*Asks:* 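Below you will find the structure I want to go over with you.
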Amino acid sequence: MSSSATPNTLSIATWNINGIKARLDNLVAWLNECQPDIACLQEIKSTDETFPRAAIEEAGYHVETHGQKGFNGVAILSRVSPDEVTRRLPGDDGDEQARFMEAVFPFAGSVLRVGCLYLPNGNPVDTEKFPYKLDWMKRLRALARERLELEEPFVLVGDYNVIPQPEDCHDPQAWEGDALFRPETREAFRLFESLGLTDAIRATNDADELYTFWDYQAGAWQKNNGIRIDHMMLSPEAARMLRGCEIDKHVRSWEKPSDHVPCRLTLGAES
DNA sequence: ATGGCATTAGGATAATGA
C-alpha cells in the first residue's frame, strides 16, 4: 500500500484580529510563535485589494481573503494552498456582508473542510440587526447540516458572537438582554450542538474563566472581565481526531492588541 | 454607561463594534 502525501496532523486557528492593518505586526509575531497550519481571521476590515498579503506570504503562508471596505471581512491563511475556496454564506443573495468563507485542504488521505465565520453581533436587539443575526445563524445551520451529510472532517470556526452559558462570561448579569446572551441566541447555538458539532474548547477544558474577548474599555483585561465568544465547532469525524485545544491568552497583553485572542486546535489521524 | 476605546476611511468625524 502506497503512503499518502497528505499530512496526518493539522493545527487550525481562529482569531478576530480587529483590523489587519493595525494588527499586522502582532499577526506575523503570532504566526511565527505558534505556527498554525491554517489560520482563520475575522474582522480584517479590508478589501481583497488592500489586504497586506506580501508580509504574510513572507511569513510562509498562502492567503485567501473575502474582504469588504471598512468593516467585516474574513481570511484563511495556510501553509499549503487549499484545493478549493468558496465565499459567502448561502441562503440570502441580498446579503452583502463579508462574513463567511470556506476552504478545503488535503488531510489524512482525504480532506479537511474549514469554515471561517464572523457571525453578526446583533445589537441593538430592538433593530433589524437582531433578526439578521438569528437569520444568519439559521443559514449557517443549514450549511452545517449539508456539510455534516458528507461525513468528512469539518470544522466551523470563528467569532460566533455568542456567549453559550453563564460560565462563559465574568459577569452574566451585565450581559442580560444583550444580543450575545439572549435566550434566542443561546438556543440557536445549542442547535449546532444538537446537529452533532462539538465545541472543541469546552470539550478539552474544564477550567472556568475561559475567555476569548476582553473589552478595550474600563480595564476589562486587567479585571479579567472577559467573555467566550470565539468557538471552534467540529464534525464528529473531526472531533474523533481532536488532540488538543489552546486559547492564546497571552496575546491580549501584547502592544496594540486585538480585543480578541487566537484559539487553536490540533487534529491527528490515527496511524 | 448612552461605548467610557479602537479601527477604518479619509483628511473632520461618522460608522461600526460587543
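Here is the naming used below: chain letters follow the sequence lines, and residue numbers restart at 1 for every chain. No experiment lies behind these values; they were computed from the predicted model shown.
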*Asks:* When you measure from the side chain of A:Glu237 to the backbone N and O of A:Pro153, does any donor-acceptor pair fall under 3.5 Å?
*Replies:* no

*Asks:* Under a 3.5 Å cutoff, is there a donor and acceptor pairing between the side chains of A:Asp248 and A:Trp30?
*Replies:* yes

*Asks:* For A:Asp230 and B:dG17, give me the distance from atom CG to atom P, rounded to whole Å.
*Replies:* 15 Å

*Asks:* Distance check: side-chain N/O of A:Lys45 vs OP1/OP2 of B:dG17, anything under 4.0 Å?
*Replies:*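 A:Lys45 to B:dG17 OP1/OP2: no side-chain N or O under 4.0 Å.
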
*Asks:* To the nearest angstrom, how far is A:Asn72 atom CG from B:dT7 atom C1'?
*Replies:* 13 Å

*Asks:* In terms of the nearest nucleotide of DNA chain B, which residue is placed more toward the 5' end: A:Asp178 or A:Gly19?
*Replies:*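 The residue whose closest nucleotide sits nearer the 5' end is A:Gly19.
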
*Asks:* Determine the contact category for A:Ala218: base if any of its heavy atoms lies under 4.0 Å from a base atom, sugar-phosphate if only primed atoms, P, OP1 or OP2 are that close, otherwise nothing.
*Replies:*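 Base contact.
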
*Asks:* Measure the distance from CH2 on A:Trp221 to C1' on B:dA6 and round it to the nearest whole Å.
*Replies:*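 One finds 17 Å between C1' of B:dA6 and CH2 of A:Trp221, rounded.
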
*Asks:* Give the rounded distance in Å between these two atoms: CH2 of A:Trp175 and C1' of B:dG17.
*Replies:* 11 Å

*Asks:* Across the strands shown, which category fits A:Asn161 at heavy-atom distances under 4.0 angstrom: base, sugar-phosphate, nothing?
*Replies:*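 It contacts sugar-phosphate atoms only.
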
*Asks:* Are any side-chain N or O atoms of A:Arg88 and backbone N or O atoms of A:Phe100, one a donor and one an acceptor, separated by less than 3.5 Å?
*Replies:*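 The answer is no, because no donor-acceptor pair under 3.5 Å joins these two groups.
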
*Asks:* Taking atom P of B:dT16 as reference, at what distance in whole Å does atom CG of A:Leu119 sit?
*Replies:* 18 Å

*Asks:* When you compare B:dA12 with B:dT2, how far apart are their C1' atoms, in angstrom units rounded to a whole number?
*Replies:*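 It comes out at 23 Å once rounded to the nearest Å.
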
*Asks:* Using a heavy-atom cut-off of 4.0 Å across all strands, would you classify A:Arg182 as base, sugar-phosphate, or nothing?
*Replies:*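 No contact.
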
*Asks:* Any side-chain N or O of A:Lys129 below 4.0 angstrom from OP1/OP2 of B:dG17?
*Replies:* yes

*Asks:* Using atom C1' in both nucleotides, what's the gap between B:dG11 and B:dA1 to the nearest angstrom?
*Replies:*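 That atom pair is separated by 31 Å.
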
*Asks:* On DNA chain B, compare the nucleotides closest to A:Pro257 and A:Glu43; which residue's is nearer the 5' end?
*Replies:* A:Pro257

*Asks:* When the distance from CG of A:Asn123 to C1' of B:dT2 is rounded to whole Å, what number comes out?
*Replies:*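 So the two atoms are 13 Å apart, to the nearest Å.
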
*Asks:* Angle between ring planes, A:Phe189 versus A:His231, binned at 30° and 60°: parallel, tilted or perpendicular?
*Replies:*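 The rings of A:Phe189 and A:His231 sit tilted, inter-plane angle from 30° to 60°.
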
*Asks:* To the nearest Å, how far apart are A:Tyr216 OH and B:dT16 P?
*Replies:*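 Spelled out: OH on A:Tyr216 to P on B:dT16 is 18 Å.
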
*Asks:* Any base atoms under 4.0 Å from A:Asn18, or only sugar-phosphate, or nothing? Heavy atoms, all strands.
*Replies:* sugar-phosphate

*Asks:* Between the side chains of A:Gln68 and A:Arg99, is a donor N or O closer than 3.5 angstrom to an acceptor N or O?
*Replies:*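 Distance-only check fails for A:Gln68 and A:Arg99.
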
*Asks:* Are side-chain N/O atoms of A:Thr14 and A:Asp230 paired as donor and acceptor at under 3.5 Å?
*Replies:* no

*Asks:* Is the phosphate of B:dT8, meaning OP1 or OP2, less than 4.0 Å from a side-chain N or O of A:Arg23?
*Replies:*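 Looking at the OP1 and OP2 atoms of B:dT8, neither is under 4.0 Å from any side-chain N or O of A:Arg23.
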
*Asks:* Please tell me whether A:Lys133 and A:Asn161 have a donor and an acceptor in their side chains that are separated by less than 3.5 angstrom.
*Replies:*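 A:Lys133 vs A:Asn161: no donor-acceptor pair found between side chains.
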
*Asks:* Classify the nucleic acid contact of A:Tyr118 as base, sugar-phosphate or nothing, counting any heavy atom under 4.0 Å across all strands shown.
*Replies:* sugar-phosphate

*Asks:* Taking atom P of B:dT7 as reference, at what distance in whole Å does atom CD of A:Gln42 sit?
*Replies:* 17 Å

*Asks:* Is there a donor in the side chain of A:His250 and an acceptor in the side chain of A:Glu33, or the other way round, less than 3.5 Å apart?
*Replies:*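 The criterion, which ignores hydrogens and geometry beyond distance, is satisfied for A:Glu33 and A:His250.
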
*Asks:* Give each protein N/O atom lying under 3.5 Å from an N/O atom of nucleotides 10-15 of chain B, with the pair distance.
*Replies:*
{"unit_1": "B:dG10", "atom_1": "OP1", "unit_2": "A:Lys69", "atom_2": "NZ", "d": "3.3"}

*Asks:* Using atom P of each nucleotide, how far apart are B:dG10 and B:dA6 to the nearest Å?
*Replies:* 23 Å

